[in-house]
> 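Next up is a structure, given as structure tokens.
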Amino acid sequence: MTYPERAARRLRLPADDRSPAAARAAVRAVLAEAGLTELLDETLLLTTELATNGVVHAGTDINLTVAADPIGVRVTVTDYRSGGIDPLDTAMPEVTAEGGRGLLLVDRFASSWGTTHDATGKSIWFRIDRDPDKPPAPRPLPDAGEGESAPDLNQLAALLTVAPALQSRLPVDQIVTELLARCHDATAAEGGAIEYDGGDGTGTQIIAKFGDVAAVSVTVPLPLTAPANGRLLLAGEPKPSWRPLAELVAERVALAVQIDRMRTDEQRRSGWLTYLAEAGELLAHSLEEHLTVALIPQLIVPQLGRWAAVHLTGDGAGLRLAAMTHVEEAELEHLRRRLEDAAPPLSAALTSDGWTGMELPVPRGLDGIAVPLSARGATIGVLTVGRHAERNHSSEERAVVADLAKRSALALDNARIHAERQAVAHELQAALMPGSLPDVTGISFAAEYLPATARRLPGSGPGPVAGTEVGGDFYDATELPDHRLWVAIGDVCGKGAQAAAVTGVVRDVLRVMARDGRPLPRALELLNATLLEQPGDLRYATIASALLDRGSDGSVNATLCLSGHERPLLLRAEGGIEWVGREGTAVGLFPDVKVNPEEVRLDIGDALVFFTDGVTERRDGDAMFGHERIERAVRGASGKSARQIATGLLEAVEAFSPESPRDDIAILVVRCDPI
């Protein structure tokens with residue numbers, strides 16, 4: 001639908017700096033006549049951009065057509081540079097450019113727009129329509145005609161205020177440019193500029209400009225918060241109204257810059273907090289020292305510098321280079337040599353009193369910052385971060401590096417503590433297990449052990465796997481002086497150091513009693529009395545033990561005693577299975593224990609499979625591994641060696657659930673072999 005025009009202007013403007021202001025004046029007059037002043041902000045903004053692109057960038061005269069109807073305004077700018085539209089017209093300009101955002105702004109703010117071009121030039125038009133649901137809000141405008149009198153400052157205050165809706169959609173440099181353009185409209189100065197220094201070391205920059213500012217006649221400082229500073233400049237023959245107008249514009253410019261600076265600072269701080277939180281989470285999840293050390297430089301580069309390195313204290317007094325990275329891989333070797341040379345001066349700096357705060361003196365040959373890695377009152381190394389390619393670290397970045405150094409040091413210290421605990425647990429666990437199983441003719445032994453929360457690594461083979469806690473399960477086997485063999489497997493209540501102490505008592509007492517020739521029932525009674533004498537509660541254990549005696553026909557006779565423990569499974573050579581043994585009382589609970597010895601015969605190829613409740617109670621959700629799965633796993637290994645039987649059962653138990661074991665798992669297999 002076509003609407004009748006309410007007002008229109010058509011004029012040709014020369015290729016000079018005054019033409020954008022003349023175009024703005026024409027737009028203002030048309031909108032005032034048509035009663036569409038609520039469209040003033042967006043229309044002036046786009047007109048300035050297109051007029052500036054025509055007279056400054058295209059370098060030709062321009063034709064301007066402005067036509068308003070009851071619902072909107074259409075503006076067409078035609079320049080006479082031949083050829084098509086330059087793709088660079090849509091690129092982001094330099095901050096010092098007078099215009100140049102061109103079609104980007106048109107596309108953002110116009111209701112519709114288009115272009116035409118031929119051999120003589122090109123035209124760009126845009127249309128902005130009023131919101132039909134929003135009542136018009138006319139604003140007073142000064143008369144833009146020739147020979148106007150001194151401006152009304154109340155009217156100019158409205159003129160020089162950018163609408164909040166427009167302000168929220170424009171970058172700060174575009175807002176400042178628009179405010180300066182409105183100052184140009186009101187003063188008709190020959191030139192003007194906004195100078196700004198953010199106080200960040202980048203120096204003073206011109207963030208908006210029009211005309212020639214060689215002959216500055218009015219200078220007004222921008223009321224900014226230190227360390228930022230700036231000023232508004234106007235050139236030409238000054239009029240009495242220029243300074244109050246310039247001061248008004250300077251206040252609006254300062255407000256826009258301060259708001260943008262606060263928003264940028266808040267976004268940057270929020271970004272750093274997120275970065276530190278994510279880095280801290282990654283560091284907290286790493287309990288291997290060498291992985292933690294390698295991770296630290298990767299977290300820093302390139303966010304905080306071009307390179308980063310970690311030096312750690314060693315067994316000696318000095319530092320050693322432990323990890324490093326660089327944004328340029330080709331620079332790594334050169335950087336490595338410099339960092340290795342920097343180790344002695346960094347080490348000397350740690351022990352000197354010549355530094356204060358969180359930073360160390362950076363050794364010669366390196367350009368950046370160095371921060372000690374300290375945790376729990378001890379210094380364990382130094383974190384060094386190289387400067388950015390174009391600038392030094394800001395004070396905010398230095399604070400982030402210092403914070404990250406604290407998190408990194410704590411993560412490294414935690415990893416070291418974890419490694420020490422793991423080593424202690426491994427040594428203690430190894431001390432509670434036999435160094436080797438007996439190697440005798442006619443009987444073979446095999447054992448598997450997996451502490452709770454531990455998982456065997458692929459290819460690690462059979463044998464104990466230590467976690468950070470010492471398990472409460474144990475097994476043992478030894479040859480006695482009378483050439484009989486004694487075997488035992490047990491489960492001590494609890495975990496950790498207390499369980500390990502009870503495990504040591506149980507294993508040693510039984511071993512001594514067996515070697516002394518005591519019958520198993522008597523040995524278990526003495527062990528029960530010993531545990532009852534131990535301080536503390538819940539010092540009890542379940543045990544399955546047996547004395548093995550080889551017969552002249554190659555068979556093995558086993559005297560089996562169960563003290564509250566799971567019955568072992570007897571696997572026959574031909575594949576038959578049966579649960580053997582009679583239940584008795586766990587040791588360490590009651591003054592009197594009930595022991596029910598049972599004789600079990602193993603023929604050649606038969607195997608006796610002992611295990612702890614970590615096997616039967618292995619869980620996958622609500623399901624447990626149970627006795628039936630033990631039977632299936634063991635029956636499939638009939639006729640195989642003791643090692644194959646033990647390993648096959650452990651693999652079946654591990655494969656039952658993807659979770660790490662919640663309880664210790666111990667398996668002991670005794671097999672009667674041919675002589």
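For the single chain, residues carry numbers from 1 onward in sequence order.
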> Do NZ/NE/NH1/NH2 and the carboxylate oxygens of R263 and E266 come within less than 4.0 Å?
no
> Would T612 and D473 count as having a side-chain donor-acceptor pair, cut-off 3.5 Å?
yes
> Would you call the rings of F656 and F625 parallel, tilted or perpendicular, taking 30° and 60° as the class edges?
perpendicular
> Can a salt bridge be assigned to the pair E340 and R337 using a cut-off of 4.0 Å between side-chain N and carboxylate O?
no
> Is the shortest side-chain N to carboxylate O distance from R643 to E448 below 4.0 Å?
yes
> If we count only N and O atoms by modelled type, under 3.5 Å, do the side chains of Q644 and T647 hold a donor and an acceptor together?
no
> For N414 and R376, which I'm curious about, is there any donor-acceptor pair between the side chains at under 3.5 Å?
yes
> Taking E390's backbone N and O only, do any of them form a donor-acceptor pair with H388's side chain (distance below 3.5 Å, no angle check)?
no
> Below 4.0 angstrom, N of the basic side chain to O of the carboxylate: do D403 and R407 qualify?
yes
> Is any side-chain N of the basic residue among R391 and E397 closer than 4.0 Å to the acidic one's carboxylate O?
yes
> Take L650 and I665, measure what side-chain contact (heavy atoms from CB on, under 4.5 Å) needs, and give me the verdict at the end.
CA-CA 8 Å; L650 179 63; I665 295 173; 4.0 Å; yes
> Evaluate S408 against L373 for side-chain contact (heavy atoms from CB on, under 4.5 Å), listing each step before the verdict.
CA-CA 7 Å; S408 300; L373 295 171; 4.3 Å; yes
> Please lay out, stage by stage, how L283 and L299 fare under the test side-chain contact (heavy atoms from CB on, under 4.5 Å).
CA-CA 9 Å; L283 290 167; L299 292 174; 3.9 Å; yes
